[in-house]
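Numbers restart at 1 for each chain; the letters A, B, ... are given by sequence-line order, proteins then strands. Note that the coordinates shown come from a computational prediction; the quantities given were computed from them, not determined experimentally.
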2 protein chains.
Amino acid sequence: MLRLVVSYALISRPTLAGTLALPFQPSPSVDAVAEQIRRTGARATPARIRVLQLLRDAPAALTHNEIESALGARAIDRVTLYRVLDWLAESGLAHKNTDAHRVYRFSAAAAGEHLTHVHFRCEDCGGVFCLAAAPPAAPALPLGFSLSRVDFDLRGRCAGCCAASS
Amino acid sequence: MLRLVVSYALISRPTLAGTLALPFQPSPSVDAVAEQIRRTGARATPARIRVLQLLRDAPAALTHNEIESALGARAIDRVTLYRVLDWLAESGLAHKNTDAHRVYRFSAAAAGEHLTHVHFRCEDCGGVFCLAAAPPAAPALPLGFSLSRVDFDLRGRCAGCCAASS
DNA sequence: CGACCAGACGCAACATTGTTGCAATAACTT
DNA sequence: AAGTTATTGCAACAATGTTGCGTCTGGTCG
């Protein structure tokens with residue numbers, strides 16, 4: 001839970017607003033989220049609705065652990081949460097990525113996304129920050145290789161962790 | 001072991017030679033490797049020598065598992081291998097990265113390395129291929145962030161996995 | 001409205017990867 | 001050759017993620 005709080009605090013800093021591309025969207029109603037889920041042909045269950053809503057409200061990608069904590073009491077089953085997250089990723093409603101600690105992080109899919117993602121990954125707290133910088137063009141691949149996505153990852157320490165250690 | 005074999009086979013394909021930047025180096029003698037280890041101030045133990053030699057001969061980054069298999073009989077202890085690998089990474093003799101399956105991969109450090117690395121990561125077999133393409137310039141970071149490395153990661157399926165599934 | 005049923009859930013058990021504590025060993029020094 | 005201390009090996013543990021299977025329920029249809 002601490003890590004989640006830290007991420008929130010960092011991203012909401014005014015000094016970062018100019019360079020960070022926040023995935024903020026007006027928090028959609030339960031009905032809108034449920035409808036979005038149903039459009040995929042699947043059932044709009046409480047677990048899926050709650051998790052997707054949480055992801056859409058979150059300003060950064062969340063881990064399974066952070067989501068479990070954020071759900072607080074009336075937490076849904078650990079395995080169910082894993083399955084919901086995997087389903088969200090497979091159905092395209094969310095993205096599944098790995099952070100610097102080799103843990104999956106999930107974020108709500110937004111409209112107008114690119115093949116290429118530019119992120120800053122803190123090696124200390126594991127947080128992932130979406131940068132607004134223009135992605136570079138992908139180079140040519142060896143014969144027979146097929147490309148599905150491109151990541152431009154900057155690694156180091158985020159402002160919060162730099163400040164905390166000095 | 002299978003995965004290791006596959007990686008070797010793929011990388012050694014002639015059609016890929018032009019685009020892949022192989023970390024091949026003339027396999028150094030045991031003495032040379034031992035001396036390199038001693039120069040760091042640590043002891044040149046059989047475990048460290050064997051592992052570092054293996055990494056230098058490998059054309060791709062290897063996982064703990066692959067290294068364990070490659071050592072075959074007279075395998076060194078699982079924990080010792082973890083510690084040797086971590087020590088190699090900390091002392092700068094090897095690099096420690098994460099593959100598409102969130103597993104650490106280790107590769108021997110080579111002279112003349114850049115801050116930026118360009119890799120193709122197969123989402124199927126988890127293999128990591130070092131590309132020769134010129135790395136793009138890193139964009140500006142938000143205030144207070146410090147940069148330690150830049151990764152330009154192309155993800156998809158490698159030639160071997162594409163061929164295997166068709 | 002009420003029954004149906006495939007899809008979703010919850011529980012338990014398991015798999016893999018990586019880590020920690022501690023006593024025994026061996027690499028380097030003198 | 002003996003001594004020091006870094007390194008090893010064993011055992012136990014931790015965290016993350018997965019699988020099997022019986023139960024429940026969301027959406028549909030009569």
Side-chain angles (χ1 to χ4, degrees), chain A residues 1-3 30-31 33-52 61-69 71 73-91 93-94 96-106 125-126, chain B residues 1-4 30-31 33-52 61-69 71 73-91 93-94 96-106 123 125-126:
Chain A
M1 192 57 193
L2 175 62
R3 188 177 296 164
V30 173
D31 290 337
V33 171
E35 181 50 32
Q36 185 182 20
I37 292 173
R38 262 187 287 267
R39 261 198 302 273
T40 70
R43 295 183 184 167
T45 65
R48 286 175 178 168
I49 295 171
R50 287 174 68 197
V51 171
L52 182 52
L62 304 180
T63 65
H64 174 278
N65 209 334
E66 289 168 349
I67 295 170
E68 209 172 15
S69 301
L71 291 176
R74 306 197 333 252
I76 63 187
D77 184 72
R78 222 171 64 89
V79 175
T80 299
L81 179 52
Y82 273 116
R83 288 201 265 237
V84 164
L85 289 171
D86 279 342
W87 175 85
L88 284 171
E90 271 171 29
S91 63
L93 295 178
K96 180 180 187 177
N97 289 109
T98 304
D99 72 8
H101 296 335
R102 316 176 322 284
V103 174
Y104 288 132
R105 278 181 184 272
F106 299 84
C125 69
Chain B
M1 190 59 192
L2 176 61
R3 188 176 295 165
L4 178 60
V30 173
D31 290 337
V33 172
E35 181 49 34
Q36 186 182 18
I37 292 173
R38 262 187 286 268
R39 260 200 299 274
T40 70
R43 294 181 184 171
T45 65
R48 284 175 180 167
I49 295 171
R50 287 174 69 196
V51 172
L52 182 51
L62 304 179
T63 65
H64 174 278
N65 210 336
E66 289 167 349
I67 295 171
E68 209 170 16
S69 302
L71 291 177
R74 305 196 336 249
I76 63 186
D77 184 73
R78 221 172 65 87
V79 174
T80 299
L81 179 52
Y82 273 116
R83 288 200 265 235
V84 164
L85 290 171
D86 280 342
W87 176 83
L88 284 172
E90 271 171 29
S91 63
L93 296 178
K96 181 180 186 176
N97 290 108
T98 304
D99 72 8
H101 296 335
R102 314 176 325 284
V103 173
Y104 287 133
R105 278 182 185 271
F106 298 85
E123 293 173 328
C125 69

Verdict with reasoning, A/Val51 to A/Phe106, per side chain to side chain contact (heavy atoms under 4.5 Å, CB included) = CA-CA 10 Å; A/Val51 171; A/Phe106 299 84; over 6 Å; no
At under 4.0 Å, does any side-chain N or O of [X] touch on OP1 or OP2 of [N]?
X	N	value
A/Arg38	D/dG27	yes
A/Thr80	C/dG10	yes
A/Arg43	D/dT25	no
A/Asn65	D/dT16	yes
B/Thr45	D/dT8	yes
A/Tyr82	D/dG17	yes

Could you give the distance from CG (B/Asn97) to OG1 (B/Thr63), rounded to the nearest 0.5 Å?
->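 Reported to 0.5 Å precision, the distance equals 13.0 Å.
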Could you tell me the separation between the [atom1] atom of [X] and the [atom2] atom of [N], rounded to a whole number of Å?
X	N	atom1	atom2	answer
A/Arg50	D/dG26	CZ	P	14 Å
A/His101	C/dG18	NE2	C1'	14 Å
A/His64	D/dA15	NE2	P	14 Å
A/Leu81	C/dA8	CG	P	16 Å

The side chain of A/Tyr104 lies closest to which of these nucleotides: D/dG9, C/dT19, D/dG17?
->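 Nearest to the side chain of A/Tyr104 among the choices is D/dG17.
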How about B/Asp86 and B/Lys96: do any of their side-chain heavy atoms sit closer than 4.5 Å?
->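 Yes; the side chains approach each other to less than 4.5 Å.
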Pick the nucleotide of DNA chain C nearest each of A/Arg102 and A/Ala47; which residue has the one closer to the 5' end?
->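 The residue whose closest nucleotide sits nearer the 5' end is A/Ala47.
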When we call it a touch if two heavy atoms are under 4.0 Å apart, what does A/Arg83 touch: a base, just sugar-phosphate, or nothing?
->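 Counting heavy atoms under 4.0 Å across all strands, the contact made by A/Arg83 includes a base.
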Quiz item: B/Arg78 side-chain donor-acceptor pair to C/dG18 base, under 3.5 Å |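 Checked by distance alone, the answer is yes.
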ring-ring contact (aromatic ring centres under 6.0 Å, His included) between B/Tyr104 and B/His64, worked out = CA-CA 7 Å; B/Tyr104 287 133; B/His64 174 278; over 10 Å; no
Using heavy atoms to find the nearest nucleotide of DNA chain D for B/Val79 and B/Arg48 separately, return the residue whose nucleotide is more 5′.
->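 It is B/Arg48 whose nearest nucleotide is closer to the 5' end.
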